[in-house]
Amino acid sequence: VSKEFKIKEEGNTLVYGMSGTNREMFISSIIYSLCIRYQPEYINIYVIDFGSEALRVYEKFPQIGDIVYSAEKDKLLKLINLIQDEIQERKKLFADYNGEYKLYCKNSGKIVPLKLIIINNYDSFKESYSILEDTLIKLTREGERYGILFMISATNSHSIYSKIERNFHHTFVLDMPDKSDYVDILGKIGNVYPAQFDGRGLYRGGEEVYEFQTAQITTPDNLVEYVKNKIDIILKNCKTKALSIPVLPEELTLEMLDSSITNINKLPIGMIKRNLKIMDYNFFNDKATIVSSKDVSNCKDFLKTVIYGVRKLGNMVVLIDTEQELSELGGTVNTYADKNFEEFILKFEQFLDKEIDGKNIKVLCIIAGLEKFQGSLNDKKFNGFFKGIKTLPNLNLLFVDSSFKLKKVGFEAWYSGVTNNSNGIWIGPGFMEQTVISSNDYNNKFKEKIDKQFAWVSKNGDAELIKIVGKKVTDDEE
């Protein structure tokens, strides 16, 4: 007699077995059967594969939202957030249907896909992410009601925390080393024990315990090609796909931010790591904004992004490059200077009179190497420059220098008079060690290891980690 696995009725399901191969055969059969029977409008599957990664063969089925492997910590956490958000959304959506997925689907006339979350090899998952067990208790308890089901495979019942296990109502038991193990998991089973064949096991249906044989999709040697061909056929007739897990791109490009460049007071500067939203910044709020790093060369790609955004919106950028490290940006700005700064200041004043006097144009003046810029001018010239700038409402400054050098000028009146150290951008590692940009909450989140592709953005002391535009950092560069 064939056993049809009706996932909507079965609910949360446990799969036990000492052999990872047998467990993956069972899960493979479930995934394949669901994918060839239901369109993505009806079923979305997400797999957390901490096994042999043999389930990778199914990842291109349109019903598969994503597969998360053991090394993909960020992707795993994003999936957990995705499930939590989906439960909250469905609570609101199903409110008029007694908060139940089945009633909503039956009476609303609308389709909401069932979501199946598969955790393959929970033993390994628990070793790496025991901190998530409390979260899983809540998700497996609440999710079933809202059409979000879990299937977990493990070696035996001791592998799974009892508070998680009690949220599962159906259990399939594959190969066990001793007959008593079947009794421990299923209770009284009489004289029913599975034969010693791959994929053979026991399950309880009501009061009865049955022996079952897992259906093989095809012969093992032919599996990859067979599944690939089936995927190709399905993709030709399927116009939708389950939502992938949103993750940070390996490289963030200007093109990814381009459509968000619409408001000069909300320039997009990167992607927030926590929620993948675009981070914007107002460089025309404070008279001067601090951009710093352990190594000022880390700031180059960030400055490209800022310059591009300001100029795309019809405004102007002036770059004072005292260290002569940003010469490649010289052609992207309206005015560039890397020497003869006394002469430049005179020309700069003339430039302002000509270009922005009476016009609704904003100017961002980037001073890269602030300490050296101050040292290149006598006090009268330097103080006169800043005094004049403070009277121009449409001109703002961007100070770019190392924290060590900015700290030297931090207590001078001209500096403190134009900066707000609760606001600023720190690029790359070292945020906790610096003091030029303050934060309200120095905690463990700042201990995360990052490279120059990331920046901490502080707004009124609230710091957020973002990914900035730039090429992927190689192992040699770290």
Side-chain angles (χ1 to χ4, degrees), residues 73-75 77-78 81 245-286 288-313 315 317 319 326 329 332 364 366 368 396 398-401 403 420 422-432 434 436-441 445-474 477-478:
K73 179 181 178 181
D74 286 345
K75 196 173 181 181
L77 297 178
K78 288 291 188 301
N81 289 337
I245 301 169
V247 293
L248 281 172
E250 284 196 356
E251 290 185 6
L252 188 66
T253 65
L254 269 177
E255 288 76 15
M256 294 175 184
L257 302 180
D258 199 47
S259 62
S260 300
I261 303 174
T262 58
N263 185 338
I264 191 63
N265 295 321
K266 291 184 176 181
L267 277 181
I269 58 172
M271 186 177 287
I272 300 172
K273 186 175 185 290
R274 177 176 54 85
N275 58 20
L276 305 185
K277 293 181 179 179
I278 299 298
M279 168 67 83
D280 61 61
Y281 199 91
N282 185 1
F283 292 97
F284 298 91
N285 182 35
D286 298 319
T289 299
I290 303 164
V291 175
S292 190
S293 177
K294 277 186 172 181
D295 184 347
V296 178
S297 66
N298 290 343
C299 304
K300 190 179 297 183
D301 285 332
F302 179 78
L303 293 178
K304 287 181 184 177
T305 305
V306 176
I307 292 167
Y308 177 80
V310 173
R311 295 206 64 191
K312 182 185 177 183
L313 295 174
N315 299 285
V317 179
L319 175 56
L326 304 174
L329 302 182
T332 67
L364 185 65
I366 302 171
N396 293 72
L398 196 63
F399 292 158
V400 183
D401 217 332
S403 58
N420 177 356
S422 293
N423 298 326
I425 296 104
W426 177 271
I427 296 170
F431 185 72
M432 285 193 73
Q434 59 83 38
V436 295
I437 302 170
S438 64
S439 173
N440 296 330
D441 54 348
K445 75 178 184 180
F446 298 117
K447 294 180 180 179
E448 182 173 354
K449 185 180 179 181
I450 62 172
D451 55 43
K452 65 180 182 180
Q453 277 192 297
F454 291 87
W456 287 101
V457 179
S458 183
K459 294 182 179 180
N460 297 317
D462 295 325
E464 190 78 70
L465 183 62
I466 70 167
K467 187 160 194 171
I468 59 175
V469 170
K471 292 183 178 180
K472 183 181 178 181
V473 176
T474 64
E477 291 177 294
E478 287 183 345

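These numbers come from a predicted model, not from an experiment.
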Decide yes or no for [X] and [Y]: does some side-chain heavy atom of the first lie under 4.5 Å from some side-chain heavy atom of the second?
X    : Y    : answer
D301 : K452 : no
I366 : V291 : no
V436 : F399 : no
I468 : T305 : no
D280 : N263 : no
F431 : L465 : no

Legend entry - Option among V317, V306, L364 that satisfies the side-chain contact (heavy atoms from CB on, under 4.5 Å) test with R311: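 Answer after filtering V317, V306, L364: V317.
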Report the residues that fulfil side chain to side chain donor-acceptor pair (under 3.5 Å) with [X], sequence neighbours left out, ordered by chain and then residue number.
X    : result
S260 : none
T262 : none
N423 : D286

[X] side-chain N/O to [Y] backbone N/O, donor-acceptor pair under 3.5 Å:
X    : Y    : answer
S458 : S422 : yes
Q453 : E250 : yes
S292 : S403 : yes

Legend entry - Within 6.0 angstrom of K459 NZ, more than 12 heavy atoms from elsewhere: yes
Spatial distance of atom [atom1] ([X]) from atom [atom2] ([Y]) [nearest 0.5 Å]:
X    : Y    : atom1 : atom2 : value
S439 : N460 : OG    : CG    : 11.5 Å
K277 : I272 : NZ    : CD1   : 7.5 Å
I427 : K300 : CD1   : NZ    : 12.5 Å
E448 : W456 : CD    : CH2   : 6.5 Å
F283 : N315 : CZ    : CG    : 13.0 Å
S293 : F302 : OG    : CZ    : 11.5 Å

Residues which pass side chain to side chain contact (heavy atoms under 4.5 Å, CB included) with [X], listed by chain and number, not counting sequence neighbours:
X    : value
K294 : W426, E433
V296 : V400, D401, S402
D258 : I261, Y308, K312

[X] to [Y] - nearest heavy-atom pair and separation:
X    : Y    : result
N396 : N285 : ND2-N, 4.4 Å
A455 : I425 : CB-CG2, 4.0 Å
T332 : I307 : O-CG2, 3.4 Å
G428 : I450 : O-CD1, 3.3 Å
L276 : V247 : CD1-N, 3.4 Å
K78  : I245 : CB-CG2, 3.6 Å

Inset, instruction - Apply side chain to side chain contact (heavy atoms under 4.5 Å, CB included) to D74 and K273, showing your working. - result: CA-CA 9 Å; D74 286 345; K273 186 175 185 290; 3.4 Å; yes
Inset, instruction - Using only heavy-atom distances, determine whether the side chains of D462 and N440 contain a donor-acceptor pair under 3.5 Å. - result: yes
Inset, instruction - Mind running side chain to side chain contact (heavy atoms under 4.5 Å, CB included) on L303 and L398 for me, showing each step along the way? - result: CA-CA 10 Å; L303 293 178; L398 196 63; 3.8 Å; yes
Inset, instruction - In sequence, state the C-alpha distance, the side-chain angles, and the governing distance for M271 and M256, and then conclude on side chain to side chain contact (heavy atoms under 4.5 Å, CB included). - result: CA-CA 10 Å; M271 186 177 287; M256 294 175 184; 5.5 Å; no
